[in-house]
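Heavy atoms only: backbone and side chains are in, while hydrogens, waters and symmetry mates are out. Just so we're on the same page: letters track the sequence lines, and every chain starts at 1.
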Amino acid sequence: MNGEINTPKNFIRQIIDSDLQSGSHSTIHTRFPPEPNGYLHIGHAKSIVLNFGIAQDYPGSCNLRFDDTNPAKEEEEFVEAIKEDVRWLGYEWAELRFASNYFEQLYGFAVELINAGKAFVCDLNPEQVREYRGTLTEPGRESPFRNRTIEENLDLFKRMRAGEFADGSRTLRARIDMASPNINLRDPALYRIRHGLIHHQTGAEWCIYPMYDYTHPISDAIEGITHSLCTLEFEDHRPLYDWVLDNISIDCHPRQIEFSRLNLEYTVMSKRRLTQLVQEKRVSGWSDPRMPTIAGLRRRGYTPESIRHFCEAIGVTKSEGTVEMGVLENSIRGHLDAIAPRRMAVLDPLKVVISNYPADQGEVLQAGNHPKDDTLGTRELVLTREIYIDRADFREEANKKYKRLVLGGEVRLRNAYVVRCDEAVKDASGRIIELRCTYDPDTLGHNPEGRKVRGVIHWVSATQGHKAEVRLYDRLCKSAEPGKGGDFLDDLNPESLQVLRDCIVEPELARAAVGERYQFEREGYFCLDSEDSAPGRLVFNRIVSLRDSWGKGGDE
RNA sequence: UGGGGCGUGGCCAAGUGGUUAAGGCACCGGACUUUGACUCCGGUACUCGUAGGUUCGAAUCCUACCGCCCCAGCCA
């Protein structure tokens, strides 16, 4: 839909309201903390709109912070892509930060924890740690290294940093409670050793890297974040988040609040799966228009406004659900209906000869660019004796519910005259190859008297139109919940992309530019493909079809 | 069967003890229409997970039960 949804007071905004009222805070600071190990997707957009939206609506600010504590998975390409996506969505961060900016401070706080007897260097290897951890129903056992002296821990930790120990040989662990029913509190690792990695920000400076659970609360506190918003799976990490801040000398303690992540029907949203699609080349890349990535949606033709609108429309709660694709589609339809200039394009051309129309002669017709917004102006169309209409817009016979061209029947050519079909010319196999029609010269701009024309169809001049390729997209997956019963790859929709190479578009479209979006009347919204179009080669992506209460193509 | 969460019409989602339980999307009618679009009217459907209890009054409070999600990375 167009128009703004009056931003709903979701439970997080309610908490903020009361924090403001109680005087706990006078300004609100949030952050969007992606890990640069992949491209952003529509689920991230939900978080972006939440965090940046709050910063806009309250006196406050929002930082963009890369959670870059695992150089094995992260890349500079992803940080650049993420910055571009956030900006494209319409937001500007107050400050650009990296968790790696805080590595030295993080190290200092770790030393503090050691000095307080709250952290220790553990020599258990990964397998042993797992054994000692216990299970969901049994408590864990304390590490034999748990009671080392502070001096020894300090020495060992310093040597970990100095690179004296091999990967996996030791970790720095918090000293909390191996019997905690919350497994996250069973002496979680704070630092691990990783040699030989070049971190995209810090290079080879470090060979020990802090863990998320340790880094995140401190990064938030350093930045003065007031409300640290994250998804539900971090709910039982919150006690650890709080533990960290309660046990170091920092005077800021942000409040972590969790909300449910977005699930969308007929697509996949996890980074693991999206990465797999890209790596195995099941799609053309992160920006494949079928992908739910921001880059994919952008190339597909979605507008930032529509994505923001969608994110507001679905709300923010703690209950997990799966949103119907229709809600996203509705958002872009609503926006584009209001702003997209109208054009005509024939996707499956069928030649029509207007027998009583003078040959060698074109007639310039003015057509409005938008039925409800005159400020979008008009453009010229050229009507010629030979035109193309869509094959789906003709039938030799049909019942009266069919509002298109029928043998012996009349139909309006959009923005032009009424024509009657006199004959359907067929080839030897019986396939219709051409229609013979006659037009009524007295029907331009007004309806004929005494009879009713059953419908309106679009057309393009056979001599003035331009060839174009049109790509029709369908849902990425066949199943509403891909992978539910097995491998999600088995649920990929083999017909998610349909390429039409012989389309004919109206002359004006030859001047289409990347970034412009059009409505191809009676078909849907389209835009020039940003990657495969070139001068002289028109490639259009269908952003979304028009809503259709009839059933495009098929009917009965 | 440890811990943490969630359960309101097909899908989201308001609701924070007090008349007929918002709204959006979807769906079904109708109006309008040179886009089977848009827009505009109208409409359908709810045991508020279940069962008890407290109360004059419960989606809201209590108890039990059921269902679903997350957690045993030196990932985030």
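The ring of A:Phe165 has its center no closer than 6.0 angstrom to the ring center of A:Phe157. In this structure, A:Tyr191 has its ring center no closer than 6.0 Å to that of A:Tyr209. Taking the six-membered ring for Trp and the full ring otherwise, the centers of A:Phe11 and A:Phe259 sit at least 6.0 Å from each other.
Comparing the C1' positions of B:rA13 and B:rG24 gives an interatomic distance of 8 Å, to the nearest angstrom. Comparing the same atom, C1', in B:rC61 and in B:rG67 gives a spacing of 23 Å after rounding to whole Å.
A:Gly140 comes within contact range of no nucleotide atom at all, as no heavy-atom separation falls under 4.0 Å. Residue A:Lys271 is out of contact with every strand shown, counting any heavy-atom pair closer than 4.0 Å.
The base of B:rU35 lies outside donor-acceptor range of the side chain of A:Glu523, with no N or O pair under 3.5 Å. In terms of polar N and O atoms assigned as donor or acceptor, the side chain of A:Lys318 never comes within less than 3.5 Å of the base of B:rC6 in a complementary pairing.
Both geometric conditions, a ring-centre gap below 5.5 Å and a plane tilt below 30°, are not fulfilled together for A:Tyr212 over the base of B:rA76.
Because its NZ or CZ atom is both nearer than 6.0 Å to the ring centre of A:Tyr132 and within 45° of the ring axis, A:Arg141 counts as a cation-pi partner of that residue.
One finds a side-chain N or O of A:Ser319 lying less than 4.0 angstrom from the OP1 or OP2 phosphate oxygen of B:rA13. Side-chain N/O atoms of A:Arg522 include one lying less than 4.0 angstrom from OP1 or OP2 on B:rG36. Residue A:Gln14 places at least one side-chain N or O under 4.0 Å from the OP1 or OP2 atom of B:rG15. For A:Thr317 and B:rC12, the shortest distance from a side-chain N or O to OP1 or OP2 is not below 4.0 Å.
Residues from residues 410-421 of chain A lying near RNA chain B, meaning a heavy-atom separation below 4.0 Å, are A:Arg412, A:Arg414, A:Asn415, A:Ala416 in numerical order.
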Can you list the steps and then say if A:Ser228 with A:Gln256 is a side chain to side chain donor-acceptor pair (under 3.5 Å)?
-> CA-CA 4 Å; A:Ser228 180; A:Gln256 174 178 304; 5.1 Å; no
When every nucleotide of nucleotides 66-73 of chain B is labelled 5' to 3' by its protein contacts under 4.0 Å (heavy atoms), B for base, S for sugar-phosphate only, - for none, what sequence of letters results?
-> ---SBBBS
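Sparse packing is recorded around CD of A:Glu449, with 12 or fewer heavy atoms of other residues, nucleotides or ligands lying under 6.0 Å away. Remark: A:Glu127 CD is packed, more than 12 non-hydrogen atoms of other residues, nucleotides or ligands lying under 6.0 Å away.
Applying the salt bridge (charged side-chain N to carboxylate O under 4.0 Å, His left out) rule to pairs touching residues 261-271 of chain A yields A:Glu233-A:Arg261, sequence neighbours excluded. Pairs engaging residues 157-166 of chain A under the salt bridge (charged side-chain N to carboxylate O under 4.0 Å, His left out) rule: A:Glu104-A:Arg161, A:Asp155-A:Arg159, A:Arg159-A:Glu164 [sequence neighbours left out].
A:Asp440 has no carboxylate O lying under 4.0 Å from a charged side-chain N of A:Arg420, or vice versa, which leaves the two without a salt bridge.
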Just the atom pairs and distances: protein N or O near nucleotides 26-32 of chain B's N or O, under 3.5 Å.
none

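Legend: residues meeting side chain to side chain contact (heavy atoms under 4.5 Å, CB included) with A:Arg148, ordered by chain and number and at least two apart, are A:Val121, A:Asp123, A:Phe145, A:Glu152, A:Asn153, A:Leu156, A:Arg170.
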